[in-house]
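Take a look at the structure set out below.
Worth knowing before you read on, the calculation uses all heavy atoms, side chains too, and leaves out hydrogens, waters and symmetry mates. In what follows, chains are A, B, ... by sequence order, proteins preceding strands, each numbered from 1.
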2 protein chains.
Amino acid sequence: MKKLLLYGTILALLTILLQLAEYRFLVIDHTVELYVGIVALIFVVLGVVMGKKLTTPKEVVVEKLISVSSNPSLPFLVNEMVLDKLGISKREHEILLLIAEGMSNQEIADKSFVSINTVKTHVSNILVKLDVKRRVQAIQKARELGIVP
Amino acid sequence: MKKLLLYGTILALLTILLQLAEYRFLVIDHTVELYVGIVALIFVVLGVVMGKKLTTPKEVVVEKLISVSSNPSLPFLVNEMVLDKLGISKREHEILLLIAEGMSNQEIADKSFVSINTVKTHVSNILVKLDVKRRVQAIQKARELGIVP
DNA sequence: ACGAAAATCACCCGAAAGTATGAAAGCCAA
DNA sequence: TTGGCTTTCATACTTTCGGGTGATTTTCGT
């Protein structure tokens with residue numbers, strides 16, 4: 001709710017500024033109508049900004065289905081889209097590949113130059129993101145999704 | 001974009017209305033500052049409304065991934081020769097298949113109507129015969145040898 | 001420069017996996 | 001029928017995995 005105060009302050013300041021400016025030249029050089037128009041314009045813009053910032057954007061959830069047909073053909077290209085969709089980071093993907101190689105957490109830790117605890121954390125996150133319970137299942141699913149060979 | 005025109009029109013009309021009203025009583029009864037304040041307030045509100053209406057409600061598209069398991073080619077035939085060569089029994093092969101399904105020892109035990117201890121024994125023997133250390137590696141090797149899909 | 005996301009690490013605990021050893025029962029062929 | 005193989009099961013022990021929590025540091029985009 002600090003935003004409300006902020007906007008209120010800005011509003012007040014703007015008003016004061018305009019009122020000060022009024023006595024300098026606006027009332028002299030221009031008609032009152034023009035002045036009012038400018039004020040209106042400024043505050044419309046301000047209103048729009050406020051509205052955008054203060055309004056919680058209503059989220060409409062639309063489910064879309066993407067079929068991932070695994071390619072039994074040759075070269076194997078990582079399906080980046082799937083990685084994005086699942087929120088799997090680079091590091092996580094690296095470790096996923098090592099898991100698919102049949103390596104233990106300790107071996108992965110050694111190969112990656114990190115502690116086994118770190119590996120464990122990554123693995124846990126991977127399991128969650130792939131929505132599986134065991135690393136074996138993770139390998140399967142990852143293969144189906146085209147993110148491991 | 002019709003909305004833009006609509007709001008533009010409303011804005012113009014409001015301005016005109018206010019200007020008309022000005023000559024009737026506002027300039028007489030009140031100071032210019034108050035008048036400006038009222039205008040500002042009105043247009044702030046209008047701005048907020050515009051902002052809300054004109055802003056495309058954010059759609060959060062949640063894309064779900066369906067893995068279309070690819071089985072276009074071979075029906076998979078078990079390489080019996082390899083099984084003989086490695087001395088893997090029928091029972092062991094059955095369990096190997098279940099391992100490759102990503103099942104835990106307990107799940108395999110339930111499905112096979114044997115105790116988990118029995119499964120463990122089989123698994124241990126399988127690991128030895130495939131010359132691997134972990135079940136994940138067993139799956140890989142078995143797949144390479146053509147004894148699991 | 002700031003905040004969010006990513007990466008790192010630690011500790012605890014329980015579950016799962018794997019090792020070792022032993023043993024009983026059934027099958028099958030020499 | 002005897003010896004070899006398979007299948008079954010158990011007990012005990014060690015290692016690996018996975019969940020949960022919390023913390024610090026890095027990185028990166030605005």
Partners meeting side chain to side chain donor-acceptor pair (under 3.5 Å) with [X] (sequence neighbours left out):
X         : result
Arg91(B)  : Glu94(B)
Asn117(A) : none
Ser89(B)  : Glu92(B)

In chain order, what residues pass the side-chain contact (heavy atoms from CB on, under 4.5 Å) check against [X], with sequence neighbours excluded?
X         : answer
Thr118(B) : Val114(B), Ser115(B), His122(B)
Glu107(A) : Met103(A), Ser104(A), Arg134(B)
Val148(B) : Leu96(B), Leu97(B), Ala100(B), Ala142(B), Arg143(B)
Leu127(B) : Val123(B), Val132(B), Ala138(B)

Below 4.0 Å: OP1/OP2 of dA16(C) and any side-chain N or O of Asn105(B):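 False: Asn105(B) side-chain N/O out of range (4.0 Å or more) of dA16(C) OP1/OP2.
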
Sugar-phosphate only, base, or nothing, as touched by Ser124(B) at under 4.0 Å among non-hydrogen atoms: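 The answer is base, as Ser124(B) lies within the cut-off (heavy atoms under 4.0 Å) of a base atom.
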
Selection: residues 130-138 of chain B, any non-hydrogen atom under 4.0 Å of DNA chain D: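 By residue number: Arg134(B).
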
Angle of first-five versus last-five pair axes in the helix from dA1(C)-dT30(D) to dA30(C)-dT1(D), to 10 degrees: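 Axis angle across the helix from dA1(C)-dT30(D) to dA30(C)-dT1(D), nearest 10°: 50°.
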
Under-3.5 Å N/O pairs linking protein and nucleotides 4-15 of chain D:
from    : atom 1 : to        : atom 2 : distance (Å)
dT7(D)  : OP1    : Arg91(B)  : N      : 3.2
dT7(D)  : OP2    : Ser89(B)  : OG     : 2.2
dT8(D)  : OP1    : Arg91(B)  : NE     : 3.0
dT8(D)  : OP1    : Arg91(B)  : NH2    : 2.9
dT8(D)  : OP2    : Arg91(B)  : NE     : 2.9
dT8(D)  : OP2    : His122(B) : NE2    : 3.1
dC9(D)  : OP2    : Ser115(B) : N      : 2.9
dC9(D)  : OP2    : Thr118(B) : OG1    : 3.0
dC9(D)  : O5'    : Thr118(B) : OG1    : 3.4
dC9(D)  : N4     : Thr121(B) : OG1    : 3.3
dA10(D) : OP2    : Asn117(B) : ND2    : 3.1

Annotated protein contacts, base or backbone, on nucleotides 23-30 of chain C with a non-hydrogen cut-off under 4.0 Å, one of B, S, - each: --------

Between protein and nucleic acid, restricted to nucleotides 23-27 of chain D and to nitrogen or oxygen atoms under 3.5 Å apart, what atom pairs and distances do you find?
none

